[in-house]
Student: 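Just passing along the structure, written as structure tokens.
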Amino acid sequence: MKKQRIISIISILVAFVLISSSTALADSYMLPSLSEIYKDHFHIGTAVSVASWAPKTLFSHGDIIKRQFNSLTAENAMKPDYLQPRPGVFNFREPGNLIRFAEDNDMVVRGHTLVWHGQTPDWFFRDKSGNRIDEKAVVTEEDRQLVIDRMEAHIEGVMTHFGDIVYCWDVVNEAVTDDAAHIHRQDSPWVRSVGEDFIKIAFRKAHEVNPNAKLFYNDYNAVAPYKRGRIVSMLKDMINDGVPIHGMGIQGHWSVNGPSISEIEDALKMYADLGLEIHITELDVGLDGATEEQQAERYREIFQLFKKYDHVITSVTLWGVADDASWRGDEDPLLFNRNHEPKPAFWAIVDTDKPWYVNKAECNGAVMFKNNAGENLGTLVPGEYALDSLDFKLEEAAGLEVIKGHLVTFYELEDLQGDAWHFISTDEFNGADLANKAKSFTIQYVDAANIALNKSVEANVRQDRAHRAVDGDNVSSWSPSDEPPYWVTVDLEEPYLLNRWVVKLQGTGPLAGGIAESPLNAADFKLMISEDGVNWLDADTVEGNTASVCDRDLNLVTARYVRLYVTRPTSLDINKNLVVYEFEVYGMPLE
Ligand code: G3I
């Protein structure tokens, strides 16, 4: 009996695991595929750990990797300390998993990295007596040649083993110093043992071992004005010297607050002008105090730029699959969260011409109909629907969960004719009432145009500059500093259905440098609406704000006039100076 019970418990557990993993699998395969989306632009890849002891293994992230990526880089298992821990003793076991996974899933493999001052066993730099050659006051030619021989043997042993399945290599990683006084890192054991020409020797050896392999130089902060110029001059010298180099690896360890798109674009042009291919080799964008939505916008801008340069960018690799496995710890820099769910950043790059929540809505559904127990009756993507086509009972619906920027409009008659009733997210949805009076409905994305832009304005103070709050220019501001309250009214010229409003405050200005939070940002303020410019209602109230960008959804309201009404211009009661760079409202014409 006991044995029977144990067997049945095990079978239940096994079933549970299969169901949950298959659900996860199903979820994975329901998502749009980035490798499919970007297939005409560049390879899109990820760094992976291949060891079984790491949570971030090829296998625990396997479903996402198969669905999203077509290029793999070993995060650590193809570095010198993993591949040749002792002289002449190569360890290819862990990378073997990666190579097999790549071959089984039709993926390419980037080799990272052959020669680096990091993660390199110190035997490379010890002379026959065990002394560190790189620490000697004088390095003899014999010592120098010993280290060169070891470097070349490592390159030969590794590249011969992998052959063409590793189609490109970061031959040398991070050789340029952050110290503006030099080009090469003077603290590198390679420079101290061999000299600055170790790089040219490495590239020449790599090309000799495998002339088919594409050879890259890889570095961090490679777009930063303080460093990119020196990288370029090193690369120019290599090219002029006939060194076989094919590409520049820009690591891309960035954050929501920098580097700027223009900085990245200037660097792309500089490397492209050398005639080099560009790989983005280790992309991750740390939150740095920003929101996941701001991170999404950042990823969107970055991938828009990468697509613009897909004539020189041939590979983009994320430095990890999900935030549970990022080397950047709690900065949460990747596309998938700690539960392996897609973040707004993932949705943002699915289609960089649309906001992330529109892409998500088109795939996962824009509206969830819920019953009065909060259970999901049905989820629908944007589109046009006849009530009698639903596979759930509308009369049971008591609430709607609508993705940001979307609107549900029910129509009295079929074919979206007759009287109309508009909804966004609400807990008070009377499905029975609508089932009686409506025959069709639409779910649509409300085109996010800023309808306040360049409309006529009236302010209670500094009327002469009030138009700057709606001029679309993030450098000019309306900045009253008299005595609050301050308000500015915008005439939208016709009635609109509003579903979002945005205020860009002091922190978004050129002087503040785009900081996410500041006590100099408006603290207490509200959005007021009016049909006639005389009778006003409060539509949304903000208190205790410190954010530089206030971006809020609205429960659908109609208005011809909108007013930003500020009662506390900063969090510092002595400072009455309000700075508004932009006041924006989003919606659609009511007709
Ligand atoms: O292998 C040991 C394991 O045996 C031990 O149990 C474990 C816990 O101590 O440590 C493991 O080694 C760690 C290794 O990652 C594997 O997880 C090292 O301590 C740790 O320092 C190493 O960090 C890696 C780092 O390079 C080392 O410099 C990161 O995972 C990796 O993401 C990072 O990647 C570098 C690129 O190669 C070059 N560009 C910068 C990028 C970020 O630093």
Side-chain angles (χ1 to χ4, degrees), residues 45-61 65 69 71-86 89-98 109-122 124 154 158 166 168-178 184-185 187-190 199 202 215-224 227-228 231 247-255 259 267 278-288 315-336 338:
T46 183
V48 288
S49 285
V50 286
S52 54
W53 47 261
K56 51 186 174 183
T57 66
L58 209 46
F59 309 104
S60 63
H61 292 159
I65 296 169
F69 302 111
S71 172
L72 296 181
T73 303
E75 186 175 10
N76 291 291
M78 289 168 72
K79 294 173 179 174
D81 61 351
Y82 275 73
L83 290 183
Q84 198 183 172
R86 290 188 306 284
V89 178
F90 285 93
N91 166 19
F92 295 117
R93 184 172 46 77
E94 285 200 2
N97 286 338
L98 181 145
V109 177
R110 292 198 80 258
H112 176 76
T113 175
L114 293 170
V115 180
W116 184 22
H117 61 274
Q119 291 180 273
T120 298
D122 72 357
F124 275 83
H154 180 74
V158 169
V166 178
C168 72
W169 281 95
D170 293 338
V171 176
V172 172
N173 187 52
E174 301 176 12
V176 173
T177 176
D178 292 319
H184 301 83
R185 301 179 74 104
D187 63 350
S188 162
W190 294 108
I199 301 173
L215 307 180
F216 281 73
Y217 171 71
N218 189 50
D219 214 334
Y220 66 88
N221 288 356
V223 305
K227 187 170 182 179
R228 65 193 184 198
I231 293 175
M248 171 65 200
I250 297 174
Q251 290 185 5
H253 294 301
W254 297 333
S255 93
I278 294 171
H279 280 187
I280 308 299
T281 54
E282 307 179 13
L283 181 65
D284 47 27
V285 179
L287 278 176
D288 192 16
S315 172
V316 175
T317 294
L318 282 298
W319 203 242
V321 175
D323 290 335
D324 64 327
S326 169
W327 72 289
R328 294 179 69 172
D330 58 1
E331 290 184 70
D332 292 346
L334 296 170
L335 301 179
F336 289 80
R338 295 168 184 278

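From a predicted model like this one, the values you see are computed outputs, not experimental measurements. Order of listing sets the numbers, starting from 1, for every ligand and every atom in it.
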Student: Counting each atom of ligand 1 from 1 as listed, which ones have a heavy atom of N173 under 4.0 Å away?
Tutor: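 So the answer, numbered in order with elements, is 38 (C).
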
Student: Hey, which atoms in ligand 1 end up nearer than 4.0 Å to a heavy atom of H112?
Tutor: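 What qualifies from ligand 1 is 36 (C), 37 (O), 38 (C).
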
Student: Any chance the side chains of N173 and Q251 put a donor and an acceptor closer than 3.5 Å?
Tutor: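 There is such a pair (donor and acceptor under 3.5 Å, judged by atom type) between the side chains of N173 and Q251.
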
Student: Taking all non-hydrogen atoms of both residues, which atom of P95 and which atom of N91 are closest, and how far apart?
Tutor: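 Looking at all heavy atoms of both residues, the closest pair is CD-O, 4.2 Å.
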
Student: Mind checking whether H61 and F336 have ring centres under 6.0 Å apart?
Tutor: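 Ring centroids of H61 and F336 are no less than 6.0 Å from each other.
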
Student: Which atoms of ligand 1 sit under 4.0 Å from any heavy atom of E174?
Tutor: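 So the atoms of ligand 1 that pass are 38 (C), 39 (N), 40 (C).
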
Student: Over 60° means perpendicular and under 30° means parallel, so classify the ring planes of F92 and F90, tilted if in between.
Tutor: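 Correct class here is parallel.
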
Student: Decide whether an N or O pair under 3.5 Å exists between W327 and ligand 1.
Tutor: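 The answer is no, given that W327 and ligand 1 share no N or O pair closer than 3.5 Å.
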
Student: N/O to N/O below 3.5 Å, does that happen between Y82 and ligand 1?
Tutor: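 Among all N and O atoms of Y82, at least one is under 3.5 Å from an N or O of ligand 1.
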
Student: Check D330, D323, D332 against R338 for a salt bridge (charged side-chain N to carboxylate O under 4.0 Å, His left out) and give me the one that passes.
Tutor: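 When D330, D323, D332 are each tested with R338, the salt bridge (charged side-chain N to carboxylate O under 4.0 Å, His left out) holds only for D332.
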
Student: Which ligand 1 atoms, with their elements, are less than 4.0 angstrom from a heavy-atom of W319?
Tutor: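 This gives 31 (C), 32 (O), 34 (O), 36 (C), 37 (O) as the contact atoms.
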
